[in-house]
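Inspection log for the structure reproduced underneath, given as structure tokens.
One-based numbering, in listed order, for ligands and for the atoms of each. Owing to the predicted nature of the structure, the values given are computational and were not obtained by experimental measurement. Side chains included, hydrogens not; waters and symmetry mates left out as well; all remaining heavy atoms used.
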Amino acid sequence: METIGHWIGGQLSAQATRTQDVFNPATGQVAKQVAIAPRATVEEAIEVAQAAYPEWRNTPALKRARVMFRYKSLLEEHADRIIELIGAEHGKICHDAAGELQRGIENVEYACCAPELLKGEFSKNVGPNIDSWSEFQPLGVVAGITPFNFPAMVPLWMFPMAIVCGNTFVLKPSERDPSTALFLAELLKEAGLPDGVFNVVNGDKEAVDTLLESPTVKAVSFVGSTPIAEYIYSKASANGKRCQALGGAKNHAIVMPDADMDNVVSQLLGAAFGSSGERCMALSVAVAVGQEAGDALIEKMSAAMQPLKVGEHTDKDNDFGPVITKEHQQKVVGFIDSAEAQGATVVVDGRQPKVTGFEDGFFVGATLIDGVTKDMDSYQQEIFGPVLQVIRANTMDEAMQLINDHEYGNGTCIFTRDGEAARYFSDHIEVGMVGINVPLPVPVAYHSFGGWKRSLFGDLHAYGPDAVRFYTKRKTITQRWPSADLREGSHFSFPS
Ligand code: NAD
């Protein structure tokens, strides 16, 4: 059976004292093994990245960007292979994986703008014969730790920008779908990236802790669940590192009484069930304002869900695939059980989907639950499965209060035809990414991505302009070339 190793110094390496099963979630069978890096392997990757840093740091930004131009073309050329790797280990349907890759490529395109983004700021004559400028210098070795649900896109949120800013990088992808990251690394080498600038170590907590404890690693970008994000942020910060740690979510859509209900339903289908709901921006709660809107939503939604097809990733007719593991399947089903036990009504029940030929796969069918209340476990916690819960609210303010009271604040959306209501919503909602009739308001690559509250620990958001700030440190230089006529004596007061 194939064992997926690491990518260190531009080469595959398979050092491991332990391995872990990698499943094909559609068949439920073990398909590969992944090497779990011991501390020494991670330390080797960090050393290799550190050794590559001085030369890469001094490579002109335009030359660094040229690697990204070639990389974009290679990613497009090898899209089918990447989509297949994602599907085989994550399970997402090929058209969904193609969308993920496209959003990743857009980050590479943004990274191609490095010379412009790194130009810095200049002021002439801030004093007699004095000029001052600020420049953005790289940090050194930086690390990325990524989740299973976007094995291509989330790493691509991080390393293209980190690298074009002049840093070298160690990526620790999810051990549940590790192959994509290694192929992304091979393509970077083909694009002309010098060996050692980008490294991948597969592993678990031991690998992560090694990165967090190494004094050589200057910054850590993390995306994953909130408990781990909080751990990463506190440990990285305690060790003096810059850190951005993006966590979990519970994204609500408010359905106003004036909304176009057919449009709401078609938008919610994809946003709630696409990728089996395993997206940090998935809309998992619909808050219907008023009895009539709630009843119409349930009636139309349950009808629209009947033809949804869950199945294997290569079949383009399927709408979404399995969830990532058997344990996660049981967890999702457990949340549906608990909602029912706590008084909600399961209107469309996906607990026992029939997927012919894939009876052992980790499938959960699309599920609709009505009558959810804020005290229920299924509402308070992130389910991360194809489950849409409906809460009834009497007013828009009541609906907004629910969202503002929730511990997460990643994404949200309002469906309405009323501009005044939409403006009030976007002004006052305590959430980082807001949609107005846009169910998945994922910012494009030239804006930045990040939630509020316990969906993000740290100050700077991921990718876009914030990434330039995150992956560089500002240095401000003040320069004078005294001329004979301006030569001054000593001053003992503060320069002004
Ligand atoms: P996870 O937190 O289990 O794992 C994320 C990474 O952390 C993996 O690389 C994993 O190996 C590592 N890790 C796991 N346990 C660890 C530990 N105890 N110590 C150190 N490292 C550890 O997350 P996941 O299940 O892979 O991904 C799903 C979660 O990610 C969901 O909560 C989802 O909302 C979130 N997510 C958030 C965003 C966002 O932008 N906010 C984007 C994608 C996913």
Side-chain angles (χ1 to χ4, degrees), residues 18 20 22 25 34-37 39 42 89-90 92 100 103-104 107 143-158 170-178 180-181 200-213 220-236 243-251 275-284 323-325 327-329 331-332 335 381-385 406-412 431-433 440-443 448-458 460-464 466-467:
R18 294 182 286 141
Q20 187 172 312
V22 178
V34 59
I36 299 296
R39 183 168 282 270
V42 183
E89 292 177 5
H90 175 286
K92 71 175 70 171
E100 158 174 5
R103 290 305 289 255
N107 286 277
I145 301 157
T146 52
F148 80 84
N149 68 323
F150 284 105
M153 183 184 79
V154 171
L156 287 166
W157 282 0
M158 299 175 182
V170 180
L171 173 68
K172 208 301 285 169
S174 171
E175 62 276 39
R176 288 182 258 173
D177 47 12
T180 304
V200 181
V201 286
N202 278 307
D204 55 15
K205 183 170 165 46
E206 184 177 351
V208 171
D209 284 341
T210 310
L211 291 168
L212 297 176
E213 286 159 16
V220 175
S221 298
F222 172 87
V223 176
S225 59
T226 286
I228 310 297
E230 194 165 26
Y231 168 73
I232 303 274
Y233 185 74
S234 55
K235 187 156 179 160
C243 185
Q244 52 181 187
L246 283 70
K250 194 82 177 176
N251 306 311
S275 206
S276 278
E278 290 177 324
R279 291 178 182 147
C280 65
M281 291 292 277
L283 279 179
S284 54
V323 297
I324 188 70
T325 56
E327 297 70 47
H328 192 55
Q329 180 192 33
K331 188 174 156 197
V332 174
F335 273 123
Q381 295 175 45
E382 182 179 37
I383 300 179
F384 224 51
H406 207 284
E407 68 167 315
Y408 296 121
N410 215 39
T412 187
V431 173
M433 293 171 283
L440 296 178
V442 180
S448 296
F449 179 110
W452 285 11
K453 298 186 276 185
R454 288 173 59 76
S455 293
L456 171 73
F457 300 87
L460 291 166
H461 289 194
Y463 68 77
D466 273 16

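Salt bridge annotation for Glu407-Arg454: present, with a cationic side-chain nitrogen under 4.0 angstrom from a carboxylate oxygen. Glu206 and Arg18 are joined by a salt bridge, as a carboxylate oxygen and a charged side-chain nitrogen come within less than 4.0 angstrom of each other. Look at Glu89 and Arg176 and you find no salt bridge, because none of the NZ, NE, NH1 or NH2 atoms lies under 4.0 Å from a carboxylate O.
In terms of polar-atom proximity, Val208 is not counted as a contact of ligand 1, lacking any N or O under 3.5 Å from an N or O of the ligand. Geometrically, ligand 1 and Phe148 share a nitrogen or oxygen pair separated by less than 3.5 Å. At least one N/O-N/O distance between Ser225 and ligand 1 falls below 3.5 Å. Taking distance alone, with nitrogen or oxygen atoms compared against 3.5 Å, Glu382 approaches ligand 1 more closely than that limit.
Legend: residues meeting salt bridge (Lys or Arg N to Asp or Glu O under 4.0 Å) with Lys235, ordered by chain and number and at least two apart, are Asp209, Glu213. Remark: Lys331 engages no residue in a salt bridge (Lys or Arg N to Asp or Glu O under 4.0 Å) (not counting sequence neighbours).
Rounded to the nearest 0.5 angstrom, Gln244 CD and His461 NE2 are separated by 9.5 Å. For the atom pair CE (Met281) and OG (Ser275), the distance works out to 13.5 Å, reported to the nearest 0.5 Å. Residue Tyr233 holds its OH atom at 8.5 Å from CG of Leu456, rounded to the nearest 0.5 Å. Atoms CZ and CG, on Phe457 and Leu246 in that order, are 10.0 Å from each other to the nearest 0.5 Å.
Regarding atom 35 (C) of ligand 1, its nearest protein heavy-atom neighbour is Gly224 O, 3.0 Å. Ranking protein heavy atoms by distance to atom 40 (O) of ligand 1, first place goes to Phe449 CE2, 3.0 Å. Of all protein heavy atoms, the one lying nearest to atom 8 (C) of ligand 1 is Thr146 O, 3.3 Å. Closest to atom 39 (C) of ligand 1 among all protein heavy atoms lies Cys280 SG, 3.3 Å. For atom 28 (C) of ligand 1, the closest non-hydrogen atom on the protein side is Phe384 CE2, 3.5 Å. The shortest contact between atom 19 (N) of ligand 1 and any protein heavy atom is with Lys205 CG, 3.4 Å. If you check which protein heavy atom lies closest to atom 3 (O) of ligand 1, you get Arg176 NH2, 3.5 Å. Looking only at heavy atoms of the protein, atom 13 (N) of ligand 1 is closest to Ile228 CG2, 4.0 Å.
For Thr226, no heavy-atom contact with ligand 1 is shorter than 4.0 Å. Of all the heavy atoms of Tyr408, none lies under 4.0 Å from any atom of ligand 1, so neither backbone nor side chain is involved. Counting heavy atoms under 4.0 Å from ligand 1, residue Ala229 does not touch it at all.
Nearest heavy-atom pair, Ala207 versus Gly203, reported as atom, atom and distance to 0.1 Å: CB-CA, 4.1 Å.
Listed by number with element, the atoms of ligand 1 under 4.0 angstrom from any heavy atom of Trp157 are 40 (O). For ligand 1 and Asn149, the ligand atoms under 4.0 Å from any heavy atom of the residue are 43 (C), 44 (C). Ligand 1 places these atoms under 4.0 Å from at least one heavy atom of Ile145: 6 (C), 7 (O), 9 (O). For ligand 1 and Lys172, the ligand atoms under 4.0 Å from any heavy atom of the residue are 8 (C), 9 (O), 10 (C), 11 (O).
Summarising the contacts of atom 37 (C) of ligand 1 with Ala245, Ala207, Gly247, the nearest heavy atom is found in Gly247. Of the listed options Glu175, Arg279, Glu206, Glu175 places a heavy atom closest to atom 10 (C) of ligand 1.
With hydrogens and angles ignored, the 3.5 Å screen pairs a side-chain donor or acceptor of Ser448 with a backbone N or O of Asp466.
Below 30°, between 30° and 60°, or above 60°: for Phe148 and Phe384 the angle between ring planes is above 60°, a perpendicular geometry.
Paired with Arg279 under the rule side-chain contact (heavy atoms from CB on, under 4.5 Å), one option of Asn410, Leu440, Asn251, Val442 passes, and it is Leu440.
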